[in-house]
Amino acid sequence: MTNESADPTTNEHVVELRYRPNAKILDHRGVWAEQISEHLELPHWQIIENRIDIFSKGQTEHAFVGFRNAGYTAADTPTKNFFTDKATKLFRFLFTLDNFGRELFVERLGLKSKFSTIYEGTFEELTARFADRYVKLSPEAATAIGSDAKLVDIGAPLNFVDKRGNFNTVAGPMSRQQLPTFFRKDEGFPEVALYYEIDYFIKPSRELSGKEIVSTITAFAHEAWSKNERIASLVVEG
Amino acid sequence: MPKPPRPKRRPEVTVSNEPLVQAGGTTGPDATGESTVSAWRDRESTNAPVVGEIEPSGQYSAGYPELLEKFLQHRVPFSSRSVVIIVIVMWFAFVSWLFVQDNGSGVLADRDGLEWFAVKAGVYSVLLVVCGGMIAAVLKVIAPPEA
């Protein structure tokens, strides 16, 4: 497959809210499945013993509500706001439902975004750019490894914390054969791409209101997208 | 970027005399086949279930310490901030009681008595701070690691 037939955007996003188990959710599975399906305009739903799944055809969008976690996933979103709007729509709706709770004891709230940015050159060129612009070996490290060693592949799992929360990142050049490992789809990938994954999360272990949860999701989603844009611009372009 | 193996959602147990096929890399007999990158990625991760996938149920407590921790998390309604406020209020109440007792018995009639009261209150306060610091240090040590 050439880059001409590759999908212009490849991304996946998931937001997951983990809370103290709420058994009452199990009493409302049927009603909530229909209501969420109608509200999010996702035509399909499935109920299993402790969770409801509501999803689109092809499962490019998937909302789930269980007795201890709830969330939303989307793949290949066209704009920066698409995932945020849908995810916050889900959670705003959930907080209007009786027995879901106006406040939740949140154990963890996380948002993971994965991006693949097309690179028109070769894998070796992207590896060199990544090693030069994103994660650079010091001269001493290069000497320690050996002056006759040649870098053929590179990956960078880096974990950070900022005012919004912790965020774990994984980045690196990727070939078309490797990309399906990281995404749910199996085709539509370019020959060479920069992979960037960022998982923003907080573990408050306290009660959070719906408003706090929605604002946190919005902040995480926007910052994840912005970081990918800046890093892709740094490594791939210029 | 090195290709890590797909992360598994549930542990698989197999017993076989077939040769174990590793995902890649040189490994020893006890290796699980997970790469360093996979360990980094799976350590703390936001995940979504697959549609229709039944997730494994939570584990029971392995022992008394874990059971006690679960009990405290689910039964004790106070946050750590509330506990600190309550302790401070109780400290004020105790020092006030001490003051009332000493005043009632005439100890605070002169300067020496007041100084002795101040020393007593100071000693009790230092003890409280030391105990609080030790408890906080222990809680920090035994707290589950963040990602």
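Proteins come first, then strands; the chains are lettered A, B, ... in the order of their sequence lines, and each starts at number 1.
- Using a 4.5 Å cut-off between heavy atoms, A:Tyr200 contacts chain B through its backbone alone, with no side-chain atom that close.
- Within a 6.0 Å radius of CH2 in A:Trp225, other residues, nucleotides and ligands contribute more than 12 heavy atoms.
- Within a 6.0 Å radius of CD in B:Glu115, more than 12 heavy atoms belonging to other residues, nucleotides or ligands are found.
- The shortest heavy-atom contact between A:Val14 and B:Ala48 is CG2-CB, 3.4 Å.
- Per-residue heavy-atom pair counts under 4.5 Å with chain B were compared for A:Thr73, A:Leu111, A:Ile52, A:Thr127, and the maximum is reached by A:Leu111.
- Side-chain contact between B:Glu53 and A:Ile48 is absent, with no heavy-atom pair separated by less than 4.5 Å.
- The minimum heavy-atom distance linking B:Val51 with A:Gln46 is given by the pair CG1-OE1, 3.8 Å.
- Taking 4.5 Å as the limit, every side-chain heavy atom of A:His62 sits out of range of all side-chain heavy atoms of B:Val50.
- Neither the backbone nor the side chain of A:Ile47 has a heavy atom closer than 4.5 Å to any heavy atom of chain B.
- When the shell of 6.0 Å around CZ of B:Arg111 is examined, it contains 12 or fewer heavy atoms from other residues, nucleotides or ligands.
- Counting heavy atoms of neighbouring residues, nucleotides and ligands inside a 6.0 Å radius, atom CD of A:Glu125 exceeds 12 of them.
- Checking A:Arg108, A:Glu16, A:His13 one by one against B:Thr46, the side chain to side chain donor-acceptor pair (under 3.5 Å) holds for a single residue, A:Arg108.
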